[in-house]
Amino acid sequence: MTRFVFVRLGETAVVLTIMSFLVYALIGLMPGDPIDIMISSDPHLTAADAERLRALYGLDRPIVERYRDWLEAALRGDLGYSRVHARPVLEILLPRLANTGVLMGLSFVLSVVIALPLGIYAAMRPYSRADYAVNLLCFAGISIPVFWLALMLIILFSVMLGWLPAGGMGTIGAESLGDKARFMALPVLTLTLASIGGYTRYMRAAMMETLRQDFIRTARAKGLSRARVVLKHALRNALIPVVTILALSFGTLFSGALITETMFAYPGMGRLIYDAIMGNDFNLALIGLLLATLVTLLANLAADVSYAWLDPRISYRRAGAVP
Amino acid sequence: MTGAVPAMALPTEAAAEPLLEVRDLVKHFPVRGPGLMRGPRAVVHAVNGVDLAIRPGETLALVGESGCGKTTLARAMALLLRPTGGSVRYKGEELTALSPARLRPFRHRIQFMFQDPFGSLDPRMRVSAIIAEPLVIHGLGTRPERRGRVAELLASVGLQPADGSRFPHEFSGGQRQRIALARALAPEPELVIADEPVSALDVSIQSQVLNLMKDLKERLGLSLLFISHDLAVVDFIADRIAVMYLGRIVEIGPRDAVARAPAHPYTRALMRAVPEVAGDRRRRGAQAAGGSAQGEVLGGDVPSPLTPPTGCSFHPRCPFAEDICRETPPPLEPVAAAARGGPPHLAACHFKDELSKLEAGR
Amino acid sequence: MTAAGGQRLPPPRPLSVLLWRRFREHRLAVASAWVLIGLTLLSGFAPVIATATGIDAGEVDLYNRFAGPSFSHALGTDELGRDLFIRLLYGGRVSLFVGFAAALASALIGTAIGLFAGYYGGRLDAFLMRLTDGVIALPLLPLLIVLAAVDLAKLGLPEALIQSEDVSLYRIMVIISVVGWTTVARLVRGATLSVRERDFVLAAVAQGAGGVRIVATHILPNVVSPIIVATTLSVGNVILFESVLSFLGLGIQPPIPSWGNMLSNAQELIWTAPSLAFYSGMLIFVTVIAFNFLGDGLQDALDPRAVRR
């Protein structure tokens, strides 16, 4: 098992490195470069000056060289400065990452708390009216555009009812827990509602698949009550794919968080990345993206490991990953 | 190679040079499994040293239980699998070392029929396209010529010309095997290898398809390698019979010799297992009472091809086994009582000569 | 099965009839199909409807802003007095077109990858699947944003293209295709793996057919069903991505209307005219859910082993 973890960690590192090159190149393709920005803010710079500055900063060198330099610096711990915020990139990113973590974490827990029982309930009454209704809600959940959901919730709760604020993270000067909760209510609600559909559907499918298997019939034939069968036998087996999907949907959850943060002006990492890209803050955008990718890849790794741990049938002793 | 039976060179007949000949053919499949990567790999010895030759115009039947390796052997002979060892020669030319491109011209002379009538035809293709496909692949004939040939083939297997524009699922199992047969005959092959072509069909349909195959084979002068586990079928269609057990040929010879005077205990047991029609039993009534006919039911299961037994691979189930059987694998050699002339009758048993004299219990 | 050699069984119902029957049992899917057909027709004929009713989608009427539904304006007017209904239809034209086109492009890429990975197996398969898993694992939206923010001049594309009005359309179709192929690739690979083992493929191999011929003639026609299902299901996602990007200002740019950028306009107006935001988003929602139901229904109808609803 440890061998497997190491192999996957290695693979993660490789993917991350490839991604870093790709993203570096992409960022380089964004409009303008640092010198252009300098020029636009300082009218006295001549074209000759610009050339010299470019040479000084090495911006006229081929991209592979520039990438190599960046990589060396990054591995040493120097991740660069944010142009817009005039501070080291990590200093800005980490607190925002924490905020996003809170948002994602709260929504995730809430979604799972609702989705799990809902999925199990639906799976135990297949094709009934209740199941049909749940299924409908699930489809609605996965089809709804997150930004529209956010807008509708804002319209309902802020515009029409005036109960909750439409954005931000706290009233300046009065930052109590209750106050924070008010501000976080809508973002969390949005993200939760957006995620429930997918999780419920998956839980239901996993549960139904497990319930259909023969060992369940054996347990029932032994005379165990329905509830015991579900709780003791079915649940553990159904949890396996569920754990996987929960960790694998990290990427989607992050994207959802990005939209939510943008809609509600919530100071999280998703919004930071968006602002950085739109504001041509190259370093910040680059590191932000890579950080997001890294966290997602780690979540996938966690999914694989827990999947192996939960399902004793799968052996990871082989070198190389299970297809 | 453990336990490969050294075979004697097949005595060559005066005029008949073999069409397809395999020598010492071996096919092993490595077995993978979780947790097995560290230790020695397990290997399935599907075909474990086989010598076989098919002559022009003859029908050779290959019989054996499931898992004895006959399908693997057939597929190797049809060039669908690369053998792990040994040689496959077509009219003297060695085929095993050829690249896929160099192998192509041989493919149209050796055709294959599959067991499952429902899987061997592409459900998305019309019957005429299915039958014409070999012609297209080998570049035989122009489009109108192919159309004509397809019509000709449909007629020769007993189907209507209109059937050409239908799809496979519109036909019954027997009809689909006819289509498969038509497809096999399309490029005018010299040898058709048929892997249990009638086993999946209803008994009443089997005889129709068999008659058709026999008829066409005679008309076109084909050689036929016919694989089956059903001895009644084999009795009807074969000129020679080869019996296979656990990856090796244990007996081979002319049909009558093998069927009426089997020299290997396994063959004897197989023959005994054929349900008898009352009339036959009456005719043999007097002799059936005597001899060691009764009580020769085979015990046990076929051993796993992963770990073949030592010595003669049949000894654990053999009612005649002695010590020598456990130690020395018997070579495939001519049976003393064989009739003179015609193809030789060989068996791999230390007691073959005695056994062939025993009444086969019919 | 009692047919003797010369007799013929009555030809069974063609497969398509059986499939249609099964599909019909899925009422939501059928309803969705109708809804989508209706939407497509309405949006497709938007110019015709516009001329027929005499309403110009671009006609600005500042005296008539934020009007409610009336006889002359079915859903009222927007912040510039333009007829909302017609604008929504024009927006639908673009959104649906991009949705179909990008989904089709993704399907082509995904099918090619899935077919070759599934048929040839081995290293090619391992590599392609690693690639696919890699793309699936990424947080898509941030990446799409970066891709959308790319300065086309730096890529060396011709000036005329960059300045053209439709460039945002092409750009978003390319971007979405680049990341949208993964579902189709996975599904097609799975289907290819199972088709590859069937006897008729082996029969073609026995004839000496080359890989390309086998994939094109035998495997592809037999994996069409999963392709259709996967593509239908992916249209919904594509539309969602397009609308998000347009909403963020990175997708389809005005003056070309799309539901996404109409919603973006409406965002600033939620305090004065919430209905604007409601309609455009609602249409996105309805379209996506309809495609999902349709895809689900197709999947049940085409897959003999699927659980029946």
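Each chain gets a letter, A, B and so on, in the order its sequence line appears, and its residues count up from 1. This one's a predicted model, so the numbers in the text were calculated from it and none came from an experiment.
- Of the atoms belonging to B:P100, not a single heavy atom falls under 4.5 Å from chain C.
- In terms of heavy atoms, B:R124 sits closest to C:S225 at NH2-OG, 3.9 Å.
- Counting heavy-atom neighbours within 6.0 Å of B:R102 CZ, excluding the residue itself, gives a total of 12 or less.
- Qualifying side chain to side chain donor-acceptor pair (under 3.5 Å) partners for B:D122, counting only residues two or more places apart in sequence or in other chains: C:H218, C:N222.
- Residue contact with chain C, scored on non-hydrogen atoms closer than 4.5 Å, is absent for B:V157.
- Heavy-atom pairs under 4.5 Å with chain C were tallied for B:R75, B:M113, B:R104; the largest tally goes to B:R104.
- Under the rule for a side chain to side chain donor-acceptor pair (under 3.5 Å), B:E188 has no partner lying at least two apart in sequence or in another chain.
- The number of heavy atoms from other shown groups lying within 6.0 Å of CZ (C:F97) does not exceed 12.
- Proximity to chain C is limited to the backbone of B:L121, based on heavy atoms less than 4.5 angstrom apart.
- For C:Y119, there are no ring-ring contact (aromatic ring centres under 6.0 Å, His included) partners at least two apart in sequence or on another chain.
- Residue-level contacts of residues 197-205 of chain C with chain B, in order of numbering, are C:R198, C:D199, C:F200, C:L202, C:A203, C:A204, C:V205; threshold 4.5 Å between heavy atoms.
- Between C:Q207 and B:R107, the shortest heavy-atom contact is C-CD, 3.7 Å.
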